[in-house]
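Notes for the one structure printed next.
As a basis for the values below, the full set of heavy atoms in this structure was taken, side chains included, without hydrogen atoms, waters or symmetry mates.
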Amino acid sequence: MMNENTTDILLEDLPTIEESQSSAAATFPRRRDRVAERQQKLRKNARRFYRIYFIATAALLCVLLILMIPLRSWLERFETTQPDHHSQQVFNTLFAQQNWGGVYDAAKLEDTAFETRDDFIAYMQAKVNTAKDKEISYHETSAGLSKDHKYIVQLGSEKIATFTLAGSVNQKTNKTEWSMNSLELAVDRSHSVSIQRLPGYTVLVNGKEVSDDYIVRTITTKAEEYLPEGVHGYTLEELYVDGLMTPPTVEVKNADGNTVPTVFSVADNCYQLDLPVDEMTDTERDVILGAAKANALFAIRAIGTGELSKYFDYTTQIYKDICNTPTFIQSFSSYGFDESVTAISDFYRYSDDLFSARVTLQLDITRKNGTVKSLDMNTTYLFTKNAAGTFMVTNITNVNLQETTEQVRLRFDCNGTILATAMVDVTAETVTLPQPEVQPGQTFLGWASRTVSDNGQITMTVLFEPGEIGNVPADLEPMTLYAVFGAEEATQ
């Protein structure tokens with residue numbers, strides 16, 4: 001138990017308020033100094049840290065940039081070796097830029113007989129222009145069992161090309177690199193044209209001369225057998241050119257090199273000659289009738305050789321034959337021509353010095369007993385101009401010299417190879433057929449014509465059965481016949 005004295009001592013030992021405040025005031029400056037020192041040290045350490053941090057970061061970035069250079073180069077090389085990259089590059093270079101000349105070269109196309117690289121460029125430009133707003137695009141498609149990558153290029157929905165990329169291992173990098181190894185173009189070569197010409201004429205298609213190999217039809221007359229060498233009767237030749245990208249320009253020139261007028265028949269797809277009709281003159285008509293009537297009158301000896309030689313060249317064999325022909329009737333009291341029957345037909349001028357005409361007439365002869373006998377004549381006369389400039393008969397025949405003979409060309413195609421060609425008379429009953437090689441497991445079905453519908457459907461029609469000789473169908477036309485094969489039937 002504390003007493004009062006103890007309490008007093010304890011209170012006396014406690015500092016007074018003034019002493020406590022004085023002691024605290026002396027302690028605060030020392031604390032502030034320690035805090036300031038600590039803060040200053042922290043700021044110095046922070047500056048040192050950030051300095052080191054930024055230096056280290058900058059150094060790291062420099063190292064990364066240095067390392068990125070070969071990495072970027074490697075990535076670029078890797079990208080260029082990928083098929084997607086190369087296909088895009090091919091498309092951009094050739095098709096997106098419409099570099100049709102480059103496309104022609106890359107596809108390794110060759111000029112045909114009548115179309116060139118420039119014609120292909122014009123063909124593609126026209127196709128694109130016609131398509132108007134349709135875009136050129138491409139996409140990858142299946143390449144089958146091949147490890148290649150195959151792409152289809154389209155103009156709108158129309159396929160215009162396909163190209164493939166093939167991979168090869170670079171021995172240095174041991175990586176697969178891709179490059180274009182094929183480019184195929186879907187070129188429509190369905191245009192064709194027929195052109196008529198006469199012997200000695202020249203046909204130009206797209207400025208290039210068409211050779212005789214393109215003749216598919218000839219129309220000749222029997223006059224050829226009666227004409228002197230170098231002179232030709234009516235001969236019409238038809239040439240046919242196909243496999244063209246666009247409708248061609250056609251020009252026909254005569255032997256003098258002058259352009260001959262032609263008329264294009266849409267129905268026949270043919271440039272036909274627009275030749276003037278060569279009419280006989282009045283003088284020529286009189287000579288023709290005079291010669292025919294003199295021939296008839298001499299047959300009954302109503303006139304003599306002197307009158308006959310006014311129309312017939314007395315140096316020719318035909319004149320001698322007429323003179324040696326027995327008289328048609330021994331005696332008569334009168335005669336006269338039935339002018340309702342008299343007619344001149346089939347006039348044809350072969351040259352300035354030669355023409356022919358067919359004369360039909362009827363000479364009615366009255367015998368002394370009053371009966372009438374008729375001499376009917378249907379004769380072709382050939383007239384040649386002599387040195388005096390007068391047309392004289394140099395030959396006669398009962399044959400109609402203007403009767404035509406038509407031949408057409410047949411081509412026999414076996415798997416893209418022309419085995420044979422033949423000019424066949426349209427009136428022939430049979431034709432000799434080539435024999436195609438038949439592969440094991442196949443049987444030859446015959447030679448067929450081919451037609452393609454508007455939707456692209458192909459129809460084969462066998463015209464000639466297998467064999468060495470084939471029966472010629474009616475209405476034979478120039479055509480290419482295709483060998484058709486089927487699976488060989490198994491024997492029991």
Side-chain angles (χ1 to χ4, degrees), residues 220-228 231 233-234 277-351 353-386 388-405 427:
T220 59
T221 63
K222 295 183 176 180
E224 297 296 322
E225 303 173 12
Y226 296 83
L227 300 176
V231 179
Y234 175 79
V277 178
D278 195 0
E279 300 287 351
M280 73 183 84
T281 65
D282 292 339
T283 301
E284 290 168 342
R285 178 182 292 275
D286 293 340
V287 171
I288 293 168
L289 287 177
K293 290 183 177 181
N295 186 26
L297 293 175
F298 185 80
I300 63 173
R301 298 306 189 265
I303 62 173
T305 56
E307 189 69 19
L308 184 68
S309 62
K310 291 181 180 179
Y311 297 97
F312 288 77
D313 185 345
Y314 68 91
T315 66
T316 61
Q317 184 62 44
I318 193 64
Y319 175 81
K320 297 174 183 179
D321 292 341
I322 292 174
C323 292
N324 295 328
T325 301
T327 182
F328 177 73
I329 192 170
Q330 294 298 324
S331 62
F332 55 87
S333 60
S334 64
Y335 60 85
F337 289 99
D338 184 350
E339 297 299 345
S340 65
V341 177
T342 302
I344 300 175
S345 61
D346 298 320
F347 175 84
Y348 192 85
R349 192 184 309 280
Y350 306 99
S351 68
D353 299 329
L354 179 62
F355 67 83
S356 69
R358 188 169 183 82
V359 181
T360 303
L361 53 78
Q362 178 180 312
L363 178 62
D364 295 328
I365 308 158
T366 304
R367 297 185 179 94
K368 290 183 178 181
N369 61 7
T371 60
V372 177
K373 185 175 182 179
S374 296
L375 174 59
D376 297 317
M377 303 186 73
N378 192 7
T379 308
T380 299
Y381 298 85
L382 286 92
F383 295 83
T384 304
K385 185 184 291 186
N386 61 17
T390 303
F391 279 101
M392 307 291 288
V393 176
T394 54
N395 204 352
I396 66 172
T397 179
N398 291 327
V399 174
N400 180 4
L401 298 187
Q402 303 314 312
E403 182 180 341
T404 60
T405 299
T427 61

Salt bridge (Lys or Arg N to Asp or Glu O under 4.0 Å) involving [X] - partner list, sequence neighbours excluded:
X: Glu224; result: none
X: Arg285; result: none
X: Glu339; result: Lys293

Original post:
Where do Asn369 and Thr371 land on the side-chain hydrogen bond (donor to acceptor under 3.5 Å, both in side chains) test, with the steps shown first?
Top reply: CA-CA 6 Å; Asn369 61 7; Thr371 60; 2.7 Å; yes
Original post:
Taking only residues two or more places apart in sequence, or in another chain, which ones meet Asn324 in a side chain to side chain donor-acceptor pair (under 3.5 Å)?
Top reply: none
Rounded to the nearest 0.5 Å, what's the gap from [atom1] on [X] to [atom2] on [Y]? Could you check?
X: Phe337; Y: Met377; atom1: CZ; atom2: CE; result: 8.5 Å
X: Tyr226; Y: Thr380; atom1: OH; atom2: OG1; result: 8.5 Å
X: Leu361; Y: Leu375; atom1: CG; atom2: CG; result: 7.5 Å

Original post:
Taking only residues at least two apart or on different chains, which pairs with a member in residues 300-314 satisfy salt bridge (Lys or Arg N to Asp or Glu O under 4.0 Å)?
Top reply: Glu307-Lys310
**OP:** Please name the residue in the list Thr379, Asn398, Asn400, Asn378 that meets the side-chain hydrogen bond (donor to acceptor under 3.5 Å, both in side chains) test with Arg358.
**Re:** Asn378
Original post:
Just wondering, more than 12 heavy atoms not from Lys385 lying within 6.0 Å of its NZ?
Top reply: yes
Original post:
Is the CG atom of Asp321 crowded by more than 12 outside heavy atoms at less than 6.0 Å?
Top reply: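 More than 12 within 6.0 Å, yes.
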Original post:
Does one side chain, of Tyr381 or Asn295, offer a donor that lies under 3.5 Å from an acceptor on the other?
Top reply: yes
Subject >> Residue among Tyr335, Phe328, Phe332 satisfying side chain to side chain contact (heavy atoms under 4.5 Å, CB included) with Lys373 >> reply: Phe328
Original post:
Does any pair with a residue in residues 355-379 pass ring pair (Phe, Tyr, Trp, His ring centres under 6.0 Å), and if so which ones, sequence neighbours excluded?
Top reply: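 Applying ring pair (Phe, Tyr, Trp, His ring centres under 6.0 Å) to every pair that reaches into residues 355-379, excluding sequence neighbours, yields Phe347-Phe355, Phe355-Phe383, Phe355-Phe391.
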